[in-house]
Chemist: 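The following block contains the structure, expressed as structure tokens.
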Amino acid sequence: MSNNIEGKVIVITGASSGLGEATARHLAAQGGAVVLGARRAERIEALAEEINTGGGRALAVQTDVTDRGQVQRLVDAAVEAYGRVDVVVNNAGIMPLSPIERLRVEEWDRMVDVNIKGVLYGVAAALPYFQQQKAGHFINVSSVAGHKVFSASAVYSATKSAVRAFSEGLRQEVKPYNVRTTVISPGAVRTELLDHISEEDVQKAHQDYVGQVGVPAESFARLVAFAIGQPEDVDINEILFRPTAQEL
Ligand SMILES: NC(=O)c1ccc[n+]([C@@H]2O[C@H](COP(=O)([O-])OP(=O)(O)OC[C@H]3O[C@@H](n4cnc5c(N)ncnc54)[C@H](OP(=O)(O)O)[C@@H]3O)[C@@H](O)[C@H]2O)c1
């Protein structure tokens with residue numbers, strides 16, 4: 001019986017580490033052709049080589065999701081290489097948490113650019129293909145922080161709430177094209193996400209917490225596979241998951 005992943009062409013942004021990298025490995029092992037986007041070319045090229053050498057199918061395309069043209073190039077490359085695009089996982093994101101009064105305005109700008117505009121560009125790049133195919137699947141990554149606001153999370157939470165609001169509008173509007181939409185909101189997962197928090201006190205508090213309760217990135221990858229793997233007439237719209245030990 002088909003797992004509904006085998007043979008699909010799946011674009012993943014932020015595939016150079018953490019959730020995106022784990023998802024690429026997991027979906028490739030289930031027979032998906034994965035097209036990997038991130039800025040660190042050497043990381044995605046090594047991952048693509050590992051997958052191809054192991055008998056899977058993968059392509060690496062260096063991509064900065066804040067540049068609309070580069071995101072279009074990523075999706076076009078998937079179609080050129082494999083003939084179609086079935087799923088786009090808009091996963092690239094950053095979380096430089098800080099209290100508002102410290103006015104890390106440049107980091108606010110970057111979060112808006114990567115976490116919101118990056119997702120919008122991913123949708124803009126693939127939607128014309130999906131409309132033409134009358135099939136497709138967007139998987140957008142929000143966060144528990146898109147459901148709850150906590151200390152130092154105001155701007156990050158705002159960007160992740162935006163992903164949820166946009167994804168609900170998208171869900172409603174793409175019905176005529178038979179397109180599925182899924183938002184996944186993870187809790188604490190052990191990745192490189194906290195490495196880029198510039199406020200040391202905030203970083204330490206989160207590293208301690210995620211170090212205690214965080215789960216491996218494969219937890220997320222399994223949920224992506226679950227959403228894609230449903231029969232085409234079943235649309236998993238939202239998944240919110242946490243480590244069992246996470247209180248917030
Ligand atoms: N880990 C968690 O606990 C958690 C919880 C909730 C939500 N999330 C969300 O999950 C997603 C993945 O994060 P992660 O935890 O896997 O963190 P991560 O290990 O830091 O991975 C982030 C990925 O995003 C990519 N990225 C960052 N800026 C980019 C840009 N401008 N263009 C293209 N790619 C960019 C990075 O690649 P390059 O640096 O190579 O470009 C990297 O592959 C994010 O949206 C994050 O907000 C994570």
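What you see below is based on every heavy atom in this structure, not just the backbone, and it leaves out hydrogens, waters and symmetry mates. In this chain, residues are counted from 1 in sequence order. Note that ligands are numbered from 1 as they come in the structure, with each ligand's atoms numbered from 1 the same way. This is a predicted model, so every value here is computed, not measured.
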Chemist: Using atom types as modelled and distance alone, determine if a side-chain donor or acceptor of Arg242 lies under 3.5 Å from a backbone N or O of Pro186.
Modeler: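 Between the backbone of Pro186 and the side chain of Arg242 there is no qualifying donor-acceptor contact (under 3.5 Å).
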Chemist: For atom 10 (O) of ligand 1, which of Leu19, Ile12, Val210, Val163 has the closest heavy atom?
Modeler: Leu19
Chemist: Give me the residue, atom name and distance of the protein heavy atom closest to atom 12 (C) of ligand 1.
Modeler: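 Ranking protein heavy atoms by distance from atom 12 (C) of ligand 1, first comes Asn91 OD1, 3.2 Å.
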Chemist: Measure the distance from atom 26 (N) of ligand 1 to every protein heavy atom, then report the residue, atom name and distance (to 0.1 Å) of the closest one.
Modeler: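 The closest heavy atom on the protein side is Ala92 CB, 3.9 Å.
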Chemist: Are there over 12 heavy-atom neighbours, none belonging to Gln230, within less than 6.0 Å of that residue's CD?
Modeler: yes
Chemist: For atom 15 (O) of ligand 1, what's the nearest protein heavy-atom neighbour? Residue, atom name and distance, please.
Modeler: Thr191 OG1, 2.6 Å
Chemist: If you group Ile, Leu, Val, Met, Phe, Trp and Tyr by side-chain heavy-atom gaps below 4.5 Å, do Phe226 and Ile184 land in one group?
Modeler: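 Hydrophobic grouping puts Phe226 with Ile184.
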Chemist: Looking only at protein heavy atoms, which one is nearest to atom 25 (C) of ligand 1, and how far off is it?
Modeler: Gly14 CA, 3.6 Å
Chemist: I want to confirm something. Looking only at heavy atoms, which of Gly93, Ser143, Ser16 is nearest to atom 43 (O) of ligand 1?
Modeler: Ser16
Chemist: Pick from Val202, Leu97, Val210: which one makes a side chain to side chain contact (heavy atoms under 4.5 Å, CB included) with Leu194?
Modeler: Val210
Chemist: Heavy-atom contacts with Tyr156 under 4.0 Å: which atoms of ligand 1 show up? List them by number with element.
Modeler: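 In order of numbering, the contacting atoms are 7 (C), 8 (N), 46 (C), 47 (O).
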Chemist: Going by the closest heavy atom to atom 18 (P) of ligand 1, which one wins out of Gly118, Ser17, Gly37, Gly18?
Modeler: Ser17
Chemist: At a 4.0 Å threshold, what atoms of ligand 1 neighbour a non-hydrogen atom of Ala15?
Modeler: 43 (O)
Chemist: What is the nearest protein non-hydrogen atom to atom 27 (C) of ligand 1, stated with its residue, atom name and distance?
Modeler: Arg39 NH2, 3.6 Å
Chemist: Against heavy atoms of Ala188, which atoms of ligand 1 measure under 4.0 Å?
Modeler: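 Listed by number with element, the hits are 3 (O).
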Chemist: Is it the case that over 12 heavy atoms from other parts of the model lie below 6.0 angstrom from the CD atom of Glu232?
Modeler: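 Enclosed: over 12 neighbouring heavy atoms sit under 6.0 Å from CD of Glu232.
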Chemist: State the atoms of ligand 1, each with its element, that fall below the 4.0 Å cut-off from a heavy-atom position in Val114.
Modeler: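 Near Val114, the atoms of ligand 1 are 28 (N), 31 (N).
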Chemist: Is it the case that atom CD in Glu200 sees more than 12 heavy atoms from other parts of the structure closer than 6.0 Å?
Modeler: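 At most 12 heavy atoms, drawn from other residues, nucleotides or ligands, come within 6.0 Å of this atom.
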Chemist: Check whether any N or O atom of Gly20, backbone or side chain, sits under 3.5 Å from an N or O atom of ligand 1, and answer yes or no.
Modeler: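 No; every N/O pair is 3.5 Å or more apart.
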Chemist: Please indicate whether Glu168 has more than 12 foreign heavy atoms, meaning atoms of other residues, nucleotides or ligands, lying under 6.0 Å from its CD.
Modeler: yes
Chemist: What atoms of ligand 1 come within less than 4.0 Å of a heavy atom belonging to Thr63?
Modeler: 32 (N), 33 (C)
Chemist: Could you tell me the residue and atom name of the protein heavy atom closest to atom 9 (C) of ligand 1, and the distance to it rounded to 0.1 Å?
Modeler: Val141 CG1, 3.7 Å
Chemist: Short N/O distance, under 3.5 Å, between Asp64 and ligand 1?
Modeler: yes
Chemist: Quick test: of every protein heavy atom, which one is nearest to atom 32 (N) of ligand 1, and how far off is it to 0.1 Å?
Modeler: Val65 N, 2.9 Å
Chemist: Under a 4.0 Å threshold between the charged nitrogen and the carboxylate oxygen, would Arg40 count as salt-bridged to Glu192?
Modeler: yes
Chemist: Please work out which of Ser142, Gly214, Ala217 has its closest non-hydrogen atom nearest to atom 7 (C) of ligand 1.
Modeler: Ser142
Chemist: CZ of Arg68: more than 12 outside heavy atoms within 6.0 angstrom?
Modeler: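 Result for CZ/Arg68: open.
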Chemist: Between Asn91 and Thr13 (side chain of the first, backbone of the second, donor and acceptor by atom type, cut-off under 3.5 Å), is there such a pair?
Modeler: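 Yes, Asn91 side chain to Thr13 backbone: donor-acceptor pair under 3.5 Å.
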Chemist: On a heavy-atom basis, which atom in Gln30 and which in His26 lie closest, and how many Å separate them?
Modeler: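 Minimum heavy-atom separation between Gln30 and His26: CG-O, 2.9 Å.
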Chemist: Heavy-atom distances under 4.0 Å decide this one: backbone, side chain, both or neither, for Lys160 against ligand 1?
Modeler: side chain
Chemist: To check your reading of the model: name the closest protein heavy atom to atom 3 (O) of ligand 1, its residue, and the distance in Å.
Modeler: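 Answer, as residue, atom name and distance: Val189 N, 2.8 Å.
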Chemist: Determine the sole option in Thr182, Val9, Ile139 for which the side chain to side chain contact (heavy atoms under 4.5 Å, CB included) test with Val87 is passed.
Modeler: Ile139
Chemist: Considering the heavy atoms of Pro186, write down every atom of ligand 1 situated less than 4.0 Å from one of them.
Modeler: 5 (C), 6 (C), 7 (C)
Chemist: Using salt bridge (charged side-chain N to carboxylate O under 4.0 Å, His left out), reason through Arg39 and Asp67 one step at a time and then give a plain yes or no.
Modeler: CA-CA 11 Å; Arg39 291 166 305 170; Asp67 181 326; over 6 Å; no
